[in-house]
Amino acid sequence: QVQPVESGGGAVQAGGSLRLSCAASGGIFSNYAKGWFRQAPGKEREFVAGINWSDSNTAYADSVKGRFTISRDNAKNTVYLQMNSLKPEDTAVYYCAAKYYGDIYYSPSGYAYWGQGTQVTVSS
């Protein structure tokens, strides 16, 4: 069983960049599908980006396509979310999620393991 731990959040001005990291302990992360979700105050948790367990496919929410990139470093047991051209509407708590030998899931219910989240705040 893997435990994801996010890092890299912070405050940035609109147009800036951040890279979130999600390191996993307790398992081989390369055997897991990984997803990034976000939740803004008063809103439901929403899909941002995902990569399947074999790393052969990625997917992005329409709102972040062309700005965000999901990638992984299996040697470091880590998945990343590079966020460029940030907008105030990207402000949220960002969560990393994982599912053993999974595909890409657009619903939070598709993932079994979750991190605690990291805050991203984008000011205008």
Side-chain angles (χ1 to χ4, degrees):
Q1 160 171 334
V2 68
Q3 177 59 54
V5 178
E6 305 93 339
S7 62
V12 63
Q13 290 191 329
S17 298
L18 283 173
R19 188 177 78 159
L20 305 183
S21 299
C22 175
S25 61
I28 302 174
F29 218 18
S30 60
N31 292 338
Y32 290 76
K34 282 81 74 174
W36 286 98
F37 286 75
R38 66 187 182 187
Q39 189 167 18
K43 295 188 176 181
E44 293 187 350
R45 192 167 298 189
E46 64 174 2
F47 174 82
V48 175
I51 186 166
N52 63 348
W53 79 268
S54 62
D55 298 333
S56 62
N57 193 25
T58 59
Y60 297 91
D62 287 343
S63 59
V64 307
K65 276 182 183 176
R67 300 189 297 122
F68 291 12
T69 303
I70 187 171
S71 63
R72 82 290 180 267
D73 185 334
N74 291 332
K76 295 184 177 180
N77 235 22
T78 299
V79 63
Y80 303 98
L81 185 68
Q82 178 66 44
M83 306 186 296
N84 299 327
S85 302
L86 282 161
K87 305 176 181 179
E89 51 264 43
D90 295 318
T91 296
V93 177
Y94 283 70
Y95 296 91
C96 175
K99 181 172 183 178
Y100 191 58
Y101 283 117
D103 205 328
I104 297 173
Y105 307 97
Y106 294 86
S107 169
S109 63
Y111 294 89
Y113 306 102
W114 289 84
Q116 294 300 307
T118 185
Q119 176 71 47
V120 172
T121 303
V122 185
S123 59
S124 57

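Throughout, residue positions are numbered sequentially from 1 according to the sequence presented.
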Suppose we screen for side chain to side chain contact (heavy atoms under 4.5 Å, CB included). Which residues come up paired with Ser30, at least two apart in sequence or across chains? Ile28, Asn74
Going by side chain to side chain contact (heavy atoms under 4.5 Å, CB included), name the residues that satisfy it together with Asn52, two or more places apart in sequence or in a different chain. Ser54, Ser56, Asn57, Asp103, Ile104
Please collect all salt bridge (charged side-chain N to carboxylate O under 4.0 Å, His left out) contacts where either partner lies in residues 40-50, sequence neighbours excluded, each pair once. Arg38-Glu46
Exam field: side chain Ser21 to backbone Ser7, donor-acceptor pair closer than 3.5 Å: no
Any pair counted as disulfide bond (SG atoms under 2.5 Å apart), so long as it reaches residues 20-124, sequence neighbours left out: Cys22-Cys96
Among pairs that include at least one residue of residues 69-83, which meet salt bridge (charged side-chain N to carboxylate O under 4.0 Å, His left out), considering only residues two or more places apart or in two chains? Asp55-Arg72
Using modelled atom types and a 3.5 Å cut-off, is there a donor and acceptor pairing between side-chain atoms of Thr118 and backbone atoms of Gly9? yes
Check side chain to side chain contact (heavy atoms under 4.5 Å, CB included) between Val93 and all other residues, then give those that pass, not counting sequence neighbours. Tyr95, Gln119
Do Leu18 and Val120 come close enough that some side-chain heavy atom pair is under 4.5 Å? yes
Give a yes or no on whether the backbone of Tyr94 and the side-chain of Gln39 come within a donor-acceptor separation of less than 3.5 Å. no
Centroid separation under 6.0 Å, is that true for the rings of Tyr32 and Trp53? no
Of the non-hydrogen atoms in Ala98 and Val2, which two are nearest, and what is the gap between them? CB-CG1, 4.1 Å
Asp90 and Phe68: CA distance, side-chain angles, deciding distance, side chain to side chain contact (heavy atoms under 4.5 Å, CB included) verdict: CA-CA 11 Å; Asp90 295 318; Phe68 291 12; 3.9 Å; yes
For residues 80-89, which side-chain N or O atoms pair as donor and acceptor with protein atoms under 3.5 Å away, sequence neighbours left out?
| from | atom 1 | to | atom 2 | distance (Å) |
| --- | --- | --- | --- | --- |
| Gln82 | NE2 | Asn84 | OD1 | 2.9 |
| Asn84 | OD1 | Ser17 | OG | 2.9 |

Non-hydrogen side-chain atoms of Phe29 and Val79 separated by less than 4.5 Å: yes
With disulfide bond (SG atoms under 2.5 Å apart) as the rule and sequence neighbours excluded, what pairs involving residues 27-80 come up? none
Hey, could you give me each pair passing salt bridge (charged side-chain N to carboxylate O under 4.0 Å, His left out) that has a residue in residues 13-32? Not counting sequence neighbours. none
Contacts of Thr58 meeting side chain to side chain contact (heavy atoms under 4.5 Å, CB included) (sequence neighbours excluded), chain-then-number -> Ile51, Tyr60, Ile70
Donor-acceptor pair, side chain of Asn77 and main chain of Ala24, under 3.5 angstrom: yes
With distance as the sole test, does Gln3 use its side chain to make a donor-acceptor pair with the main-chain N or O of Trp114 at under 3.5 Å? yes
Does anything in residues 57-66 form a salt bridge (charged side-chain N to carboxylate O under 4.0 Å, His left out)? List the pairs, not counting sequence neighbours. Asp62-Lys65
With sequence neighbours excluded, tell me which residues meet ring pair (Phe, Tyr, Trp, His ring centres under 6.0 Å) with Tyr111. Phe37, Tyr105
